[in-house]
Amino acid sequence: MFIDKRFHPYSLESLRKDLLSGLIVGVIAIPLGMAFAIASGVKPEYGIYTTIVAGFLTSLLGGSKYQIGGPTGAFIPILFGIVMTYGYENLLIAGFLAGIILTMMGIFRLGSLIKWIPRPVTIGFTAGIAVTIFTGQIASFLGLTGIKKHEEFILNLKEIFVHLNSINLFSLLTAGICLLMVLLTPKVAPKIPGPLIGLLVSTLVAAFCYPGQVGTIGTAYGEIPSTLPQLHLPFINLDIILNLLKPAFVIAMLGGIESLLSAVVADGMTNSRHNSNKELIGQGIANMITPLFGGIPATGALARTATNIKNGAVSPISGMTHGIVVLLVLLFFAPKASYIPLASMAPILMVVAWNMSERKVFAHIIKTKSTDSIVLLVTFLLTVFVNLTTAVEIGLVMSAILFVKRMSDVTTTAKALPNPQHRQGKVETSMVTDTHDCPQISIFNVEGPLFFGAVQTFEKTIMETINYHPKILLLRMSKVPFMDTTGEAILASIVKHFSKNGIVLISGLNPQPASVLKKTGLGVVIGQDHFFEHTGDAIQYGLSQINENKCLGCKHFAFQECKQLSMKEVVENKAKLTATF
């Protein structure tokens with residue numbers, strides 16, 4: 001019988017801790033779920049539905065002990081854009097398709113691939129999302145009227161400035177009270193959820209001190225139903241799928257990134273280890289089922305996951321409890337939520353945006369003044385002023401190009417000679433000068449990966465030596481960890497040209513490059529007896545080959561006794577040297 005290891009070991013004390021933690025996280029999740037839904041352009045109850053269904057299924061089927069799933073701030077710009085472009089019904093379909101994509105990624109064990117996204121890209125788009133969320137709540141904080149929402153950041157800012165004359169002082173007061181409670185509560189009573197206290201206090205003040213002066217959830221969206229909606233299967237055909245495939249992919253990628261990042265943070269806090277592929281499957285199934293109940297896309301929520309851990313969670317039961325708690329609140333107290341002022345939701349989201357902004361890491365990367373700083377800034381600016389999809393695409397492309405450039409800079413090819421003053425005849429590049437070189441054996445230290453971005457310099461350096469027609473070309477490749485097919489092709493070209501008049505020897509070849517040469521057959525072309533583990537053995541073999549063909553400038557078989565003429569002298573005096581020796 002299969003037993004989920006995430007639940008072991010378990011006891012009554014563990015259950016008590018899980019129930020308490022689930023209760024606290026559930027209370028926190030209620031205002032956040034409604035706020036995220038409103039900011040995404042849909043009704044607040046859809047955020048509650050998402051918290052219930054996705055929250056329960058993520059914990060039940062995921063790969064982390066402590067992950068809390070639900071609507072998150074990271075999704076706000078994406079979901080708002082989809083709602084504006086395609087409508088709410090198509091958002092549900094896009095979420096369903098994203099669930100399929102996530103599930104397939106988990107099945108095909110692609111969980112580790114998402115972790116390869118460079119940190120400057122993730123910090124860049126996270127900070128960009130935070131700016132978008134924060135500025136998107138200014139209008140509600142100030143109680144501005146006549147505001148039209150746009151996808152473009154600049155247009156939204158313009159709307160705020162155009163309507164600044166409509167500031168509602170009562171909304172400003174309400175938002176200020178809520179913000180004060182959100183900030184002070186954790187300092188005074190750390191165990192009590194700040195957003196909940198902020199909502200309660202600000203709602204009570206607005207209701208009793210200046211009733212009807214601020215907009216509420218009820219006046220904007222109507223009364224929140226006290227039941228889950230009935231299961232609804234959306235109509236899907238091929239045209240709809242093709243039309244929504246791109247937004248679905250964006251949802252899936254962002255959801256996968258956020259959930260796995262949250263799971264990694266949870267591992268660090270608890271010294272545990274999650275199953276990334278199982279986590280993707282759990283997130284995928286949750287996002288497939290949630291839209292059937294009217295819920296929006298969901299992912300792992302870092303802040304709620306951290307809260308879950310800090311309150312003593314032991315197993316996924318805490319996450320399932322949090323979903324049940326939200327369901328019970330919906331069944332018994334949903335109509336009361338209609339009295340919550342919209343101005344009270346704004347500071348909650350602003351604090352969320354501030355906390356998710358990664359401002360310290362952002363500043364740290366900028367201070368490095370490196371290529372990572374450029375990637376970070378470009379990703380951030382594109383997220384804010386264009387969209388997340390473009391930002392991630394360009395950020396990844398820039399990261400890849402700059403990485404290739406850095407790797408190509410690391411790869412070096414330099415001539416070397418044994419140092420006669422070293423006991424073991426250490427081969428050093430510093431021994432080679434314009435007046436100190438060997439015309440018969442060309443030794444090269446090759447360092448770094450031989451791949452498409454670095455082989456041009458490698459080829460150019462070697463080919464310049466070939467033009468002088470040395471009899472032996474020795475490539476020291478112990479510091480070449482990797483070779484791709486482009487590197488192999490260039491090496492094959494060098495071997496072809498050099499083998500017409502000389503011999504190619506290779507020493508210290510690592511397993512990966514050796515495997516490439518074996519698979520392509522180049523190892524056979526070079527000759528198995530021309531591969532050496534140690535450079536000294538290769539040099540002795542090369543000297544023996546020179547002896548058979550007479551040396552142009554060396555009387556003995558040891559480098560320290562060699563005349564070591566410059567290449568220029570060899571070329572100018574080749575005929576004379578040949579006659580002499």
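Values below: every heavy atom of this structure, side chains too, minus hydrogens, waters and symmetry copies. None of the values given here were measured: they were computed from a predicted structure.
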Begin from the C-alpha positions of I217 and M34 and carry the test side-chain contact (heavy atoms from CB on, under 4.5 Å) through to its verdict. CA-CA 9 Å; I217 289 177; M34 291 190 294; 4.2 Å; yes
Got more than 12 heavy atoms from elsewhere within 6.0 Å of [atom1], [X]?
X    : atom1 : answer
Q230 : CD    : no
L242 : CG    : yes
H364 : NE2   : no
Y10  : OH    : yes

Check whether any side-chain heavy atom of [X] sits under 4.5 Å from a side-chain heavy atom of [Y], and report yes or no.
X    : Y    : value
V121 : V375 : yes
Y49  : P225 : yes
P193 : T185 : no
N287 : L102 : yes
I100 : M288 : yes
T321 : I324 : no

Under a plain distance cut-off of 3.5 Å, with no hydrogens placed, do [Y] and [X] share a side-chain donor-acceptor pair?
X    : Y    : value
S318 : S21  : no
S14  : S11  : yes
H150 : E159 : yes

Under 3.5 Å donor-acceptor, [X] side chain and [Y] backbone:
X    : Y    : value
S40  : V42  : no
H163 : G146 : yes
T203 : L200 : no
N168 : Q213 : yes
N156 : K149 : no
T390 : V386 : no
R359 : W354 : yes
N308 : A313 : no
T368 : I365 : yes
N271 : D267 : no

Can you name the side-chain contact (heavy atoms from CB on, under 4.5 Å) partners of [X], sequence neighbours left out?
X    : answer
T50  : A54, P71, T290, I296, A298
P186 : none
L184 : L180
N237 : F235, D239, I240

Show the nearest heavy-atom pair for residues [X] and [Y], with the distance to one decimal.
X    : Y    : value
A39  : F80  : O-CD1, 3.9 Å
P247 : N243 : CD-O, 4.1 Å
R304 : I28  : CG-CG2, 4.5 Å

Output the distance between atom [atom1] ([X]) and atom [atom2] ([Y]), rounded to the nearest 0.5 Å.
X    : Y    : atom1 : atom2 : value
I76  : L388 : CD1   : CG    : 12.5 Å
Q137 : L349 : CD    : CG    : 4.5 Å
S226 : I48  : OG    : CD1   : 11.0 Å
S344 : F141 : OG    : CZ    : 10.0 Å
I281 : I107 : CD1   : CD1   : 5.5 Å
F385 : F153 : CZ    : CZ    : 5.5 Å

Does Y88 have any ring-ring contact (aromatic ring centres under 6.0 Å, His included) partners at least two apart in sequence or in another chain, and if so, which?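 Once residues adjacent in sequence are excluded, the partners of Y88 under the ring-ring contact (aromatic ring centres under 6.0 Å, His included) criterion are Y46.
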Output all residues satisfying ring-ring contact (aromatic ring centres under 6.0 Å, His included) with F380, sequence neighbours left out; order by chain, then residue number.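 Partners of F380 by the ring-ring contact (aromatic ring centres under 6.0 Å, His included) criterion, ordered by chain and then number, come out as F362.
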Taking only distance into account, with no hydrogens and no angle test, what donor-acceptor pairs under 3.5 Å do side-chain atoms of residues 249-261 form with protein atoms, sequence neighbours excluded?
unit_1, atom_1, unit_2, atom_2, d
S259, OG, G255, O, 3.0
S259, OG, G256, O, 3.0

With a cut-off of 3.5 Å and sequence neighbours excluded, list every side-chain donor-acceptor pair involving residues 329-343.
unit_1, atom_1, unit_2, atom_2, d
S338, OG, I224, N, 3.3
S338, OG, P335, O, 3.2

Residue pairs involving residues 201-227 (criterion ring pair (Phe, Tyr, Trp, His ring centres under 6.0 Å); sequence neighbours excluded):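 Applying ring pair (Phe, Tyr, Trp, His ring centres under 6.0 Å) to every pair that reaches into residues 201-227, excluding sequence neighbours, yields F170-Y210.
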Intermediate values then yes/no, side-chain contact (heavy atoms from CB on, under 4.5 Å), L12 and R16: CA-CA 6 Å; L12 286 176; R16 186 191 68 79; over 6 Å; no
Can you list the steps and then say if H274 with V264 is a side-chain contact (heavy atoms from CB on, under 4.5 Å)? CA-CA 7 Å; H274 75 282; V264 169; 3.8 Å; yes
Mind checking what makes salt bridge (charged side-chain N to carboxylate O under 4.0 Å, His left out) contact with R119, not counting sequence neighbours?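 Once residues adjacent in sequence are excluded, R119 has no partner under the salt bridge (charged side-chain N to carboxylate O under 4.0 Å, His left out) criterion.
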Just do the side-chain contact (heavy atoms from CB on, under 4.5 Å) check on T58 and E279 with the steps written out, would you? CA-CA 8 Å; T58 294; E279 181 64 23; 4.1 Å; yes
Check against side chain to side chain donor-acceptor pair (under 3.5 Å), Q67 and T305: CA-CA 5 Å; Q67 184 82 281; T305 299; 3.0 Å; yes
Side-chain polar contacts of residues 89-99 - donor-acceptor pairs under 3.5 angstrom, sequence neighbours left out - could you list them?
unit_1, atom_1, unit_2, atom_2, d
N90, ND2, Y86, O, 2.9

Given side chain to side chain donor-acceptor pair (under 3.5 Å), test Q283 with T103 step by step and report yes or no. CA-CA 7 Å; Q283 293 285 346; T103 303; over 6 Å; no
Which donor-acceptor pairs under 3.5 Å do the side chains of residues 125-136 make with protein atoms, sequence neighbours left out?
unit_1, atom_1, unit_2, atom_2, d
T126, OG1, T122, O, 2.6
T132, OG1, G128, O, 3.0
T135, OG1, V131, O, 2.9
T135, OG1, T132, O, 3.2

